[in-house]
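Below is one structure, written out as structure tokens; comments come after it.
Throughout, protein chains are lettered first and strands after them, A, B, ... in sequence-line order, and every chain is numbered starting at 1.
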Amino acid sequence: MKPAGVAEFFRRLAESRPAPETELRYESPYTLLVAVVLSAQATDAGVNRATPALFAAASTPAKMVKLGEAKVRDYIKTIGLYRTKAKNIVALSKLLIERHGGEVPRQREELEALPGVGRKTANVVLNVAYGEPTIAVDTHIFRVGNRTGLARGKTPLAVELKLEKVVPKQYLQHAHHWLILHGRYTCIARKPRCFECVVRDLCAFKGKTVL
DNA sequence: ATCCCGAGGG
DNA sequence: CCCTCTGGAT
């Protein structure tokens, strides 16, 4: 996609959603981190069903460690990959206490050193909790980038680096959420709603759907 | 490449 | 039934 097309692409997404936000429920950098860890291969709606009770029981690393893996597991059993996630949440909470005074670090390397936290999760925390202009490439953004021709790549990292190059600076801060929401509600995986898409004419995929 | 793994949609 | 959902570690 040409630079002028990319700028127009984001101008329209920005117009349709002036103040995009995450749909995950959270109350602090720590609860955001836990919610994002839980959201791997799971829907935000599903995560939001489980987290209110979990955070009522433990909203800090110390309380989470005290709660323990078995009880954490019970709170999140309705979410996919729950055994691994329960283990990681308790382990990363211990590390936050040992290495970071119970705070969520602001450095990518320190975030990615936590169990269950990879590049994508670190990017979400940096963007949402700390206002960094990072773009976390998840299943939605990977699909939207490749399908539309906005930013193509074989891996999420390739798409992320390409997006950082082509997205105009003024849109970098919120590009992550604009693309996610576009993917979730319009550029849907199985049945894209091209008939109501505001960037249809800029998209490489246009015309390939049967509505 | 494979494992972890529940809920909802089509 | 099969696919998808804000992946990460081995």
Query raised in the report: Just checking A189(A): base, sugar-phosphate only, or nothing, at a heavy-atom cut-off of under 4.0 Å?
Result: sugar-phosphate
Query raised in the report: Which ILVMFWY residues can you reach from Y185(A) by hopping between side chains whose heavy atoms are under 4.5 Å apart?
Result: L181(A)
Query raised in the report: So which one's nearest nucleotide on DNA chain C is more toward 5', I188(A) or G116(A)?
Result: I188(A)
Report task. Check DNA chain C against residues 104-115 of chain A and give the residues with a non-hydrogen atom under 4.0 Å, in numerical order. Result -> L114(A), P115(A)
Report summary line: Here the residues of residues 47-60 of chain A within 4.0 Å heavy-atom distance, strictly under, of DNA chain C are none
**Report entry** Nucleotide range of DNA chain B lying under 4.0 Å from chain A heavy atoms
**Finding:** dC4(B) to dG9(B)
Requested in this report: Mind running a 4.0 Å heavy-atom check of residues 76-91 of chain A against DNA chain B and sending the residues that fall below it, in number order?
Outcome: K77(A), T78(A), I79(A), G80(A), L81(A), Y82(A), R83(A)
Pair up each side-chain donor or acceptor in residues 64-77 of chain A with any protein partner under 3.5 Å, not counting sequence neighbours, and list the distances.
none

Requested in this report: Could you measure between the two P atoms, the one in dC5(B) and the one in dT10(C), and give it in whole Å?
Outcome: 15 Å
Report task. Check side-chain hydrogen bond (donor to acceptor under 3.5 Å, both in side chains) between R108(A) and all other residues, then give those that pass, not counting sequence neighbours. Result -> E112(A), N123(A)
**Report entry** E15(A): salt bridge (charged side-chain N to carboxylate O under 4.0 Å, His left out) partners, not counting sequence neighbours
**Finding:** R11(A)
Query raised in the report: Going by number, which of residues 17-35 of chain A have a non-hydrogen atom under 4.0 Å from DNA chain B?
Result: none
Query - DNA chain C contacts among residues 138-157 of chain A, heavy-atom distance under 4.0 Å - result: D138(A), T139(A), H140(A), R143(A)
Report summary line: salt bridge (charged side-chain N to carboxylate O under 4.0 Å, His left out) filter on R106(A), not counting sequence neighbours, yields none
Query raised in the report: Hydrophobic clusters join Ile, Leu, Val, Met, Phe, Trp and Tyr when side-chain heavy atoms are under 4.5 Å apart, directly or via other members; which others share one with I180(A)?
Result: M1(A), V6(A), F9(A), F10(A), L13(A), I135(A), V137(A), I141(A), F142(A), V144(A), L150(A), V159(A), L163(A), V166(A), V167(A), Y171(A), L172(A), W178(A), L179(A), V198(A), V199(A), L202(A)
